[in-house]
Amino acid sequence: MSEPLELAAVQRDDVLLDRLARRDACAADAHVVAALLAGLRADICADEDPPSAEGEGEARRRPVVPSARRRAARPAVAGLVAAAFLLSATGVAAAASRATPGSVLWPVAQVVAPAHVHSVMARERVLRSLAVAKTQAGRGDSVGARASLDDAISRVDEVHDADGRSTLEAKVTALRILLDGPAPAPGSPPAGGPLPSASPVQPSPGGSPEPSASPDPSPAPSPDPTSTPDPSVAPTPGTLSSPAAAPS
Amino acid sequence: MDRTQSEPDLSALAARAAAGDAAAADALLSRVRPLVLRYCRARLGRGGGGSYGTADDVAQEVCLAMLTALPRYRDVGRPFAAFIFGIAAHKVSDAHRSVARDPSLLAEDLPDRPDQAAGPEAAAIATADAQAARALLATLPPQQREVLVLRVAVGFSAEETGSALGMSPGAVRVAQHRALAKLRSHVKLREMSA
C-alpha cells in the first residue's frame with residue numbers, strides 16, 4: 001500500500017501547498033488538482049479582508065505582543081468588530097453587556113454594549129475622583145478636593161442605575177456635605193453637623209443603598225471632619241483595577 | 001505567507017487571555033477567527049442560496065466555545081491550535097449530523113427583496129472549482145483531508161498543521177504528498193472514464 005517515497009516529490013508538493021496557501025496564482029497551473037484547490041482557497045477567502053491592500057502576509061504579520069499604538073489601530077478594531085459579529089446573535093451578547101473591565105468579554109462589550117461600557121467607565125472615573133477628593137481633603141487641600149468632587153459630580157449622570165448610580169450619588173452627596181459643612185453654605189440645613197448628615201442623604205434615588213455604599217460615606221462617626229478622608233475605603237471598587245479612567 | 005503566526009504565539013496569547021488579560025483575549029480572537037472561518041468554510045461549503053451562512057455560524061460557535069473555555073485554559077504543553085481545531089472539527093461534525101437529520105433547513109427567511117447578486121449559473125461557475133475540490137477532498141481519509149484543509153484553506157505551514165493535528169512536520173509532509181497523489185490519480189481516472 002505504501003509505495004516508496006520520492007523525497008523530491010514530497011518537497012515539491014510541500015512547496016506547492018505553501019504557494020496555494022499564499023494564493024500564488026502560478027501554483028494553480030501545476031495540475032488540475034492544484035487548480036481546484038486554488039479555486040477552493042479563493043472561494044473561501046473571497047470576502048476576506050476586502051479593503052486591505054496590504055495583502056494577506058501583511059495582515060498576518062501582526063506582532064505577537066502588539067505595541068499599544070498598533071493595538072489601538074486596525075487589528076484591535078478588527079478583532080472587536082469580529083467579536084461583535086460573533087456575539088451579537090447569541091446570549092453571550094447579554095453576558096458581554098454585563099462585563100466589567102478586566103473580564104474576557106470586556107473588549108467584546110466595548111462593541112456590543114457601548115452604552116454599558118460608557119457607564120462603567122464613568123463609574124470608574126467618579127470613584128477615582130471621589131477617592132482623590134477624599135485624599136486631598138485629608139491633606140487639607142480643600143480647593144483640590146472641591147475640584148475633584150466637581151469632576152465626580154459632572155460624571156455621575158453618565159452612570160446607569162444598574163451600575164450603581166444611586167450609590168455613587170449617595171457618596172457624592174456625603175462628600176459634598178463633608179466639604180461644604182464647615183463653610184457657610186447658604187440654605188443647606190444640615191450645616192451644623194456635617195458628618196452625621198452624610199448618611200441621611202442615602203434615601204435619595206434608589207431607596208435601598210447597596211452594601212458597598214455604606215462603608216464609604218460613613219467615615220462620619222469620627223467627630224473630626226478632617227478625619228473623613230479614608231484612602232483605604234475609596235480607591236477601587238472590587239475587581240476593577242481598570243486604568244482606563246485616566247484623567248484626561 | 002508569513003510563518004510567524006506560530007503555535008507558541010497562540011499558546012502564549014491564550015495563556016495570557018486565560019489569566020484575564022483582556023487585550024490578549026482580543027488579540028487571540030482576532031487571530032483565531034479568520035482561521036476558524038476558513039476551516040469551517042472549507043469543510044462545510046456553501047449552503048442553501050449559495051452563501052456560507054451555515055459555515056460562518058459554525059465558525060461563530062467555535063469562537064464562542066473558545067471564549068467560554070478560555071478561563072479554564074491552561075497551557076499544559078498541548079498546542080493551542082490543537083485545542084481550537086479540535087473544537088472546530090467537533091462543531092463541523094455536529095453540523096454535518098444536524099443537516100443530515102433535519103432536511104427542512106432550506107432558508108431561514110423568505111427573501112423579501114430582489115437578489116442583485118450574480119445568477120445561479122454565474123455563481124455555480126464561479127464556485128465550481130471549490131465544489132469540485134470539496135468533492136475530491138471528501139474522497140480522502142479523514143487525516144489526509146484535515147492536513148490539506150489546514151494547509152490550503154486555513155493557510156497553515158507544515159509545522160503549524162503538525163501542531164494542530166498532533167503530528168510531526170515530516171509526517172504532515174508525507175501525508176500531504178500521499179493525499180495529493182491520491183487526488184491526482186482520482187482526477188486521472190475520471191478523465192480517462194469521461
Side-chain angles (χ1 to χ4, degrees), chain A residues 2-3 5-6 9-14 16-18 20-23 31-49 56-66 71 75-76 78-80 82-83 85-87 89-90 92 99 101-108, chain B residues 1-2 4-5 8-9 12-13 17-18 20 22-31 33-34 37-38 41-42 46 52 57 59-60 63-64 67-68 70-71 126-134 136-137 148 151-158 173-174 176-178 180-181 183-184 186-187 191:
Chain A
S2 59
E3 68 263 19
L5 287 171
E6 188 194 339
V10 172
Q11 286 175 337
R12 257 198 320 273
D13 280 345
D14 194 40
L16 172 67
L17 290 176
D18 278 343
L20 283 172
R22 230 177 6 235
R23 285 195 265 182
H31 188 270
V32 177
V33 170
L36 294 180
L37 291 175
L40 173 67
R41 168 79 182 185
D43 186 50
I44 285 169
C45 303
D47 57 353
E48 203 169 89
D49 297 328
E56 177 169 321
E58 276 300 317
R60 294 186 68 186
R61 205 169 294 135
R62 294 167 195 156
V64 179
V65 182
R71 279 200 57 254
L80 293 177
F85 165 72
L86 283 174
L87 301 174
T90 72
V92 179
S103 69
V104 171
L105 289 179
W106 180 245
V108 176
Chain B
M1 173 174 311
D2 178 33
T4 59
Q5 155 129 341
D9 300 346
L13 267 181
D26 168 32
L28 183 67
L29 186 62
S30 64
R31 295 261 303 270
R33 184 179 175 273
L37 198 63
R38 291 179 203 159
R41 286 182 171 191
R46 294 179 183 272
Y52 273 123
D57 285 348
Q60 169 181 324
C63 291
L64 287 174
L67 280 177
T68 307
L70 209 46
T127 61
D129 282 357
Q131 288 175 355
R134 277 192 201 90
L136 274 180
L137 288 172
L148 285 192
R151 289 287 275 118
V152 176
V154 177
F156 272 178
S157 66
R173 292 190 174 97
V174 170
Q176 70 195 19
H177 170 68
R178 291 199 165 128
L180 286 175
L183 296 186
R184 285 174 186 132
H186 199 86
V187 168
E191 286 173 347

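Each chain gets a letter, A, B and so on, in the order its sequence line appears, and its residues count up from 1.
Between B/Ala132 and A/Leu36 the shortest heavy-atom distance is CB-CD2, 3.9 Å. For the residue pair A/Leu17 and B/Val152, the shortest heavy atom distance occurs at CD2-CG2, 3.5 Å. In terms of heavy atoms, A/Ala21 sits closest to B/Gly155 at CB-CA, 3.8 Å.
Contact of the B/Asp129 side chain with the A/Asp43 side chain is not registered, since no non-hydrogen atoms from C-beta on lie closer than 4.5 Å.
In this structure, the portion of B/Val187 lying under 4.5 Å from any heavy atom of chain A is its side chain and not its backbone. Only the side chain of B/Leu137 comes within contact range of chain A, with heavy atoms under 4.5 Å apart. Only the side chain of B/Leu136 comes within contact range of chain A, with heavy atoms under 4.5 Å apart.
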Chi angles and distances behind the side-chain contact (heavy atoms from CB on, under 4.5 Å) call for B/Arg38, A/Arg41: CA-CA 8 Å; B/Arg38 291 179 203 159; A/Arg41 168 79 182 185; 3.7 Å; yes
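Heavy-atom pairs under 4.5 Å with chain A peak, among B/Gln176, B/Arg184, B/Arg173, at B/Arg184.
Using a 4.0 Å cut-off between charged nitrogen and carboxylate oxygen, A/Asp14 and B/Arg151 count as a salt-bridge pair.
The structure places CZ of B/Arg134 at 11.0 Å from CG of A/Leu37, a figure rounded to the nearest 0.5 Å.
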